Amino acid sequence: MPLTYKQSGVDIDAGDALVERIKPLAAATRIAEVMGGVGGFAGLCRVPADIDEPVLVSGTDGVGTKLKVAFATGIHDTIGFDLVGMCVNDVITCGARPLFFLDYFATSKLDVDVAERVVAGIAAACKESGCALLGGETAELPGMYAPGEYDLAGFAVGVVARKKLVDGTRVAEGDVALGLRSSGLHSNGYSLARKALLEAMGLSLTATPAELGGQTVGAALLAPTRLYARHVQALLAAGVDVRAMSHITGGGLPGNLPRVLPESLGLRIERSWPRPPVLDLVQRAAGIDDREMRRTFNQGIGFVFIVPEPDEARARTTLEGLGDRPVTMGRVVRVPSDREFEERVEWPA
């Protein structure tokens with residue numbers, strides 16, 4: 001009997017079925033600039049006509065070992081939210097409007113139901129961010145991944161007028177840092193968090209430790225990454241002088257804030273704020289010191305705006321109008337030129 005591609009582990013019919021299920025999900029994210037639909041060799045998107053000297057801004061990322069929690073719990077509905085968040089939240093730090101997103105889903109054996117749930121999360125996050133799910137790629141790679149597992153990556157493209165580009169060069173001593181809260185770990189530090197909670201503390205993903213207020217460990221770890229595109233667009237539309245923005249991902253505040261500050265400047269944090277309970281639990285589980293926590297996790301802040309002090313009140317009012325509770329974290333200060341990168345964020349004693 002002749003060997004077929006399906007017998008070798010690749011089911012073309014399953015891939016075609018997934019494409020048909022994805023089409024209405026992608027259609028729901030369509031924006032005016034999109035040309036064509038899902039299923040071609042390439043996605044097409046016009047550059048908005050009302051932008052002077054348009055600059056395209058791109059970002060790419062994955063979800064990392066947070067995927068392991070999705071595999072173990074069987075919850076695949078929100079992991080796509082994380083994927084979009086990790087890419088779009090980077091792109092918007094330049095002041096860009098997100099235009100479109102593409103994903104890459106790879107697995108040994110395609111489970112159409114699981115893949116559809118993942119893509120549904122991607123589509124929902126795209127819709128919330130105002131960008132189109134323009135297309136993507138599904139790869140069935142027999143023997144490449146463990147049964148029931150998959151890998152996930154993606155990239156986003158946005159656009160901003162050149163004269164409106166936010167690049168941090170205008171940040172000045174005395175400017176204020178306004179932080180937007182995170183929903184939890186977002187998509188960083190999961191190798192340490194899983195080792196602390198599941199190994200050092202011996203918790204199961206269904207455990208409900210007191211610190212989590214009735215929430216399971218699995219649910220706390222799977223809390224989807226927050227999306228900040230609406231917040232950025234609202235501040236810029238309100239005329240707030242946003243001088244820099246930072247997406248707090250791997251490396252935490254000390255590894256990300258200095259990336260958008262001029263060499264001679266740093267941030268002095270002047271107050272504390274409540275952290276998501278899962279962070280307190282992770283720290284207690286393995287006795288992790290404060291420095292390690294700060295350079296691994298977001299510490300409860302997912303996105304930071306740097307604005308001049310006269311604009312702080314308007315920025316705060318605008319963000320509160322979106323239902324948020326911004327944190328005035330501290331102020332930009334001058335630092336010695338030989339100070340190490342991460343030490344440019346100064347913490348309270």
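In this chain, residues are counted from 1 in sequence order. The figures that follow rest on heavy atoms only: side chains count, while hydrogens, waters and symmetry mates do not. Predicted, not measured: the structure shown is a model, and the values here were computed from it.
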Minimum heavy-atom distance between V91 and S58, given as atom pair plus value = CG2-C, 3.8 Å
Are T93 and V260 close enough, and set up right, to give a side-chain contact (heavy atoms from CB on, under 4.5 Å), and what steps lead you there?
-> CA-CA 9 Å; T93 61; V260 298; 5.7 Å; no
Non-neighbouring partners of E340 that pass salt bridge (charged side-chain N to carboxylate O under 4.0 Å, His left out), sequence neighbours left out = none
Worked verdict on V232 versus M245 for side-chain contact (heavy atoms from CB on, under 4.5 Å) | CA-CA 9 Å; V232 171; M245 291 178 271; 3.7 Å; yes
If you link I, L, V, M, F, W and Y whenever their side-chain heavy atoms are under 4.5 Å apart, who else ends up in the same group as V335?
-> V333
Would a 4.5 Å heavy-atom cut-off, applied to side chains only, mark P254 and F341 as touching?
-> no
Side-chain donor or acceptor of S204 paired with backbone N/O of A207 under 3.5 Å | yes
Donor-acceptor pair between D290 and Q283 side chains, under 3.5 angstrom | yes
Donor-acceptor pair, R46 side chain versus A32 backbone, under 3.5 Å?
-> yes
So, E128 and R226, do they make that salt bridge, N to O below 4.0 Å?
-> no
Considering only NZ, NE, NH1 and NH2 on the basic side and carboxylate oxygens on the acidic side, decide whether D113 and R21 come within less than 4.0 Å.
-> yes
Which word best sums up how the rings of F71 and Y150 line up, parallel for under 30°, tilted for 30 to 60°, or perpendicular for over 60°?
-> perpendicular
How about D175 and E309: do any of their side-chain heavy atoms sit closer than 4.5 Å?
-> no
Electrostatic pair K66:D82 at N-O distance under 4.0 angstrom = yes
Decide yes or no for F297 and N188: does some side-chain heavy atom of the first lie under 4.5 Å from some side-chain heavy atom of the second?
-> no
Give me the ring orientation class for F155 and F100: parallel if the planes are under 30° apart, tilted from 30 to 60°, perpendicular past 60°.
-> perpendicular
Mark yes when over 12 heavy atoms from residues, nucleotides or ligands other than E320 sit less than 6.0 Å from its CD; otherwise mark no.
-> yes
Just jot down the salt bridge (charged side-chain N to carboxylate O under 4.0 Å, His left out) partners of R284, sequence neighbours excluded, or say none.
-> E211
Reported CD1-to-SG distance for the pair I92 and C87, which is rounded to 0.5 angstrom = 12.0 Å
Counting only N and O atoms by type, is there a donor-acceptor contact under 3.5 Å from the side chain of R30 to the main-chain atoms of V34?
-> yes
Indicate yes or no: does R230 engage D324 in a salt bridge with an N to O separation below 4.0 Å.
-> no
Can we say E33 and R97 salt-bridge, meaning some charged N sits less than 4.0 Å from an Asp/Glu carboxylate O?
-> yes
Counting only heavy atoms not in R259, do more than 12 fall under 6.0 Å of its CZ?
-> no
Start with the C-alpha distance between E116 and H76, add both sets of side-chain angles, then the distance that settles side-chain contact (heavy atoms from CB on, under 4.5 Å), and finish with yes or no.
-> CA-CA 9 Å; E116 182 185 15; H76 305 280; over 6 Å; no
What heavy-atom pair brings G168 and A244 nearest, and what distance separates the two atoms?
-> CA-CB, 3.9 Å
d(L197 CG, K195 NZ) to nearest 0.5 Å is 12.0 Å
Kindly give the heavy-atom pair with the smallest separation between A123 and T29, and that separation in Å.
-> O-CG2, 3.4 Å
To the nearest 0.5 Å, what is the distance between CG (L319) and CZ (R325)?
-> 13.0 Å
Could you give me the CA-CA distance, side-chain angles and deciding distance for V176 and F305, then say whether side-chain contact (heavy atoms from CB on, under 4.5 Å) is met?
-> CA-CA 8 Å; V176 175; F305 296 97; over 6 Å; no
Return yes if some donor-acceptor pair links the side-chain N/O of N89 with the main-chain N/O of M86 below 3.5 Å, else return no.
-> no
Any chance you could pull the hydrophobic cluster mates of Y145, using side-chain heavy atoms under 4.5 angstrom and chaining through other members?
-> Y104, L141, M144
Side chain W273, main chain Q299, donor-acceptor under 3.5 Å = yes
Between D241 and R170, does at least one N-O distance fall below 4.0 Å, as a salt bridge requires?
-> yes
Okay, side chain of T107, backbone of E149: is any donor-acceptor separation there less than 3.5 Å?
-> yes
Interatomic spacing from CG in L83 to CG in L152 - rounded to 0.5 Å | 4.5 Å
Hey, are D52 and R162 close enough for a salt bridge, meaning a charged N less than 4.0 Å from a carboxylate O?
-> no
Distance-only side-chain donor-acceptor flag, N256 / H247, under 3.5 Å | no
Does a donor on one side chain sit under 3.5 Å from an acceptor on the other, for T208 and T216?
-> no
Heavy-atom pair of closest approach, residues L253 and M329 = CD2-CE, 3.8 Å
Would you kindly say whether R334 and S264 are connected by a side-chain donor-acceptor distance under 3.5 Å?
-> yes
Would you please name every residue forming a salt bridge (charged side-chain N to carboxylate O under 4.0 Å, His left out) with D311, sequence neighbours left out?
-> R314
Are side-chain heavy atoms of Y5 and D11 found at a separation under 4.5 Å?
-> no
Residues R295 and E342 bridged, charged N to O under 4.0 Å = yes
Go through the structure and list residues passing salt bridge (charged side-chain N to carboxylate O under 4.0 Å, His left out) with R275, not counting sequence neighbours.
-> D280
Does E173 pair with R331 as a salt bridge, N-O distance under 4.0 Å?
-> no
Look at the side chain of S246 and the backbone N and O of I248, then say whether any donor-acceptor pair between them is shorter than 3.5 Å.
-> no
Of the non-hydrogen atoms in L227 and S129, which two are nearest, and what is the gap between them?
-> CD1-OG, 3.7 Å
Taking all atoms of both residues into account, what is the closest heavy-atom pair of V119 and I22, and its distance?
-> CG1-CG1, 3.8 Å
